[in-house]
There are 2 protein chains.
Amino acid sequence: MDPVPMLLAMTYRAMGDQFHDRLRQIGLEPLRPAHGYVFRFLKARRATTVDIGQHLGVTKQAAAKIVAELDEWGYVLREPHPTDKRAQYVTLTTKGRDYLKFADNLWSDLEGEMAEAIGQDTFDTIKAGLAAYLQHVHGEDQPGLRPVW
Amino acid sequence: MDPVPMLLAMTYRAMGDQFHDRLRQIGLEPLRPAHGYVFRFLKARRATTVDIGQHLGVTKQAAAKIVAELDEWGYVLREPHPTDKRAQYVTLTTKGRDYLKFADNLWSDLEGEMAEAIGQDTFDTIKAGLAAYLQHVHGEDQPGLRPVW
DNA sequence: TATGGTTGGACAACCTGGTTGACTACTTTG
DNA sequence: CAAAGTAGTCAACCAGGTTGTCCAACCATA
């Protein structure tokens, strides 16, 4: 039997490919995973480019490129920070929120299909088990590990 | 709760980081995941560069680069194909087999720690569940999806 | 058995998503 | 109020892939 990380990677790819294909079928431009992470992050909080880089675990320069793309495509916009003249808050536009909502629905469809294929109990155990493991290794704090230069 | 693919990715990264760190601690050069895939593939069969690319899901050119590295570092060697003068079989050296053995032990250590953290039953269910899901989406054949130009 | 299509491998140019490094403008702190 | 730290940008570079092209060898078939 393959070691768990290989199973994780293969499952991730299998689900990701399906996600991608269905977005394309519907004619929605398939953004990259990092964009999804950003949307999900911005949904819950106001954040600067540096915050986003921190969360993604990449440098602020890399984060800036991603934000610039999303801005250009109309998914986010940058507004001046109320108190810090250097900084900008990045916020989701309506287009961004709609995309996220759509993607979330699609993810739950795919999760549903997975649950159907392997059994709801098994599915639930997987989800809870992985979450518990992450809790165990990371404690409370989110992954963002690497320094943000 | 995060959608399953995010959990998969985060767990993958968490385990991978630990794997990487421990290899470094021991002073073994940490190869990239792709190299591990190649070792595991070569353990079971004799294969050409094209076969490897097929299995990794990358172009034969990309596969050739990886094989060239592994050759240079002494983990594999290329021998003439017995019947096809164009082709070469790529085979693991002793160094390659030792590395794989060591890595496999490390993986099972990490799996053991995961099982301890979340419970053996849960761990077993995750492993079997993911395997079942992959079986369901891919059928018998391994992932190698993209065309090998 | 000659021939035309296919395949393994190599070389080169290029693309993408990241990195480091340096710099400016602003903020925070001692 | 000076010194250290931080948000953001620009630019150069790097790694790991991609296309595109080619040659030599293979294979099917007429």
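A note on names: the letters A, B, ... follow the listed sequences, proteins ahead of strands, and every chain is numbered from 1.
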Derivation and outcome, salt bridge (Lys or Arg N to Asp or Glu O under 4.0 Å), residues B:Glu111 and B:Lys127:
CA-CA 10 Å; B:Glu111 288 192 336; B:Lys127 208 163 170 178; 3.2 Å; yes
Using the rule given for ring-ring contact (aromatic ring centres under 6.0 Å, His included), can you reason through A:Tyr75 versus A:Tyr99, listing the C-alpha separation, both sets of side-chain angles and the distance that settles it, and then say yes or no?
CA-CA 8 Å; A:Tyr75 293 102; A:Tyr99 191 100; 5.5 Å; yes
Which is it for A:Glu72 and A:Lys65 under the salt bridge (Lys or Arg N to Asp or Glu O under 4.0 Å) test, yes or no, and what are the steps along the way?
CA-CA 11 Å; A:Glu72 193 178 334; A:Lys65 283 188 190 175; over 6 Å; no
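One atom, NZ of B:Lys60, and another, P of D:dC23, lie 14 Å apart when rounded to the nearest Å. Between B:Arg32 atom CZ and D:dC14 atom P the separation is 16 Å, expressed in whole Å. If you measure from atom NE2 of B:His35 to atom C1' of D:dG17, you get 13 Å, rounded to the nearest angstrom. B:Gln61 places its CD atom 12 Å from the P atom of C:dC11, with the value rounded to the nearest Å. A:Leu31 has its CG atom 16 Å from the P atom of C:dT16, to the nearest Å. Residue A:Leu56 contributes atom CG, which lies 12 Å from atom C1' of C:dG17 at whole-angstrom precision.
With distances taken from any side-chain atom of A:Lys65 to the nucleotides C:dG18, D:dG17, D:dT18, the minimum falls on C:dG18. Considering only the side chain of A:Thr48, D:dG8 comes nearest among D:dT18, C:dT20, D:dG8.
In this structure, a donor-acceptor pair under 3.5 Å is absent between the side chains of B:Gln25 and B:Asp21.
Taking only side-chain nitrogens and oxygens, B:Thr59 comes nearer than 4.0 Å to OP1 or OP2 of D:dT18.
Sorted by residue number, the members of residues 76-91 of chain A with any non-hydrogen atom under 4.0 Å from DNA chain C read A:Thr83, A:Asp84, A:Lys85, A:Arg86.
The side-chain contact (heavy atoms from CB on, under 4.5 Å) test applied to B:Thr125 returns A:Thr122, A:Thr125, not counting sequence neighbours.
Of the possible polar contacts, none joining the B:Lys60 side chain to the B:Asp51 backbone as a donor-acceptor pair under 3.5 Å is found.
For A:Ala34 and B:Asp51, each mapped to the nucleotide of DNA chain C holding its nearest heavy atom, the one lying further toward the 5' end belongs to B:Asp51.
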